[in-house]
Amino acid sequence: MNVKKIIEIVTNIARPIVEKFNLELVDVDFVKENNEWFLRVFIDKEGGITIDDCTNVSRILSDKLDEVDPISVSYYLEVSSPGINRPLKKEEDFIRFKGRKIKLKLFKEIDDKKIIKGILLGIKENKVIVNLKDKEIEIDFNNISSANLDE
């Protein structure tokens, strides 16, 4: 089973459903925990999402997934908010959350660190700019393994 391919297929199925409700598809994750598979779909909107938002997306997405049947194993579908440590995936995320605290995990160390915490200053020319203790650093977007808001 190709998890990456499943995430890609589910993302393509979920995006128009989520956008129909004027929501943003933040992330899709498919993981195995304690011998159970979980398909997690994270949605958001300005001001935060409600239980009704999650329920509406979950019902329609569940029906569409049953119809298309892209996953050959049993799984639990969870639709929820990305939470306060929301992942930053797209360039637009790094623009939208300018001025917020972030945590970056890197593939290659910078100044002997693979984890950087600082204030997001923005993104330019494929580099994320972070204020790290009054020092501005630029991190190549391709060097970031994960990025999250850090409250």
More than 12 heavy atoms from other groups under 6.0 Å of CD on Glu125: no
Nearest atoms (heavy-atom pairs only) where Glu36 meets Tyr76: OE1-CE1, 3.2 Å
Side-chain heavy-atom pair Leu39, Leu65 within 4.5 angstrom cut-off: yes
Over all atoms of both residues, closest heavy-atom pair of Pro87 and Asp93: O-OD2, 4.2 Å
Side chain to side chain, Pro70 and Ile6, heavy atoms closer than 4.5 Å: no
Glu91 atom CD, over 12 foreign heavy atoms within 6.0 Å: no
Rounded distance [0.5 Å steps], CD1 in Ile7 versus CG in Asn12: 12.0 Å
Spacing of Phe97 atom CZ and Leu149 atom CG [to the nearest 0.5 Å]: 5.0 Å
Member of Glu46, Lys90, Glu92, Glu19 meeting the side-chain contact (heavy atoms from CB on, under 4.5 Å) criterion with Glu24: Lys90
Steps toward side chain to side chain contact (heavy atoms under 4.5 Å, CB included) verdict (Ile115, Lys105): CA-CA 5 Å; Ile115 296 177; Lys105 292 183 181 176; 4.2 Å; yes
Minimal non-hydrogen separation, Phe38 against Glu78, with atom names: CD2-OE2, 3.3 Å
Main-chain N/O of Asn148 paired to Asn85 side chain as donor or acceptor, under 3.5 Å: no
Side chain Ser145, main chain Phe107, donor-acceptor under 3.5 Å: no
Asp53 side chain to Thr50 backbone, donor-acceptor under 3.5 Å: yes
Phe30 reachable from Val68 in the ILVMFWY side-chain graph, under 4.5 Å edges: yes
Atom CG of Asn142: over 12 foreign heavy atoms under 6.0 Å: yes
From Ile137 atom CD1 to Lys113 atom NZ, the distance as rounded to the nearest 0.5 Å: 8.0 Å
Heavy-atom pair with the smallest gap, counting every atom of Val57 and Ile17: O-CG2, 4.3 Å
Among Lys103, Lys117, Arg100, salt bridge (charged side-chain N to carboxylate O under 4.0 Å, His left out) partner for Glu151: Arg100
Point-to-point distance, once rounded to the nearest 0.5 Å, from CD1 of Ile119 to CG of Asp134: 10.0 Å
Cluster check Ile144, Leu88: I/L/V/M/F/W/Y, side chain < 4.5 angstrom: yes
Full working for side chain to side chain contact (heavy atoms under 4.5 Å, CB included) between Phe42 and Ser80: CA-CA 5 Å; Phe42 299 98; Ser80 67; 3.6 Å; yes
Minimum heavy-atom distance Val130-Leu121, with the two atoms named: C-CD1, 4.1 Å
Evaluation steps, salt bridge (charged side-chain N to carboxylate O under 4.0 Å, His left out), between Lys108 and Asp140: CA-CA 10 Å; Lys108 297 178 193 169; Asp140 192 303; over 6 Å; no
Flag side-chain contact, heavy atom, 4.5 Å: Cys54 against Ile49: yes
Full working for side chain to side chain contact (heavy atoms under 4.5 Å, CB included) between Val41 and Leu77: CA-CA 8 Å; Val41 177; Leu77 173 63; 4.1 Å; yes
Where Ala147 and Leu104 come nearest, the two heavy atoms and their spacing: CB-CD2, 3.3 Å
Gap between atom CD1 of Ile13 and atom CG of Leu61 - 0.5 Å precision: 7.5 Å
Interatomic distance, Asp29 atom CG to Thr11 atom OG1 [nearest 0.5 angstrom]: 10.0 Å
Within one Ile-Leu-Val-Met-Phe-Trp-Tyr cluster: Phe94 and Ile129, side-chain cutoff 4.5 Å: no
Shared hydrophobic cluster for Ile95 and Ile139 (ILVMFWY, side-chain gaps under 4.5 Å): yes
More than 12 heavy atoms from other groups under 6.0 Å of CZ on Arg59: no
NZ/Lys45: more than 12 non-hydrogen atoms of other groups inside 6.0 Å: yes
Verify same cluster id: Val3, Leu25 (apolar side-chain graph, 4.5 Å): yes
Evaluation steps, side chain to side chain contact (heavy atoms under 4.5 Å, CB included), between Phe21 and Ile60: CA-CA 11 Å; Phe21 293 103; Ile60 294 173; 3.6 Å; yes
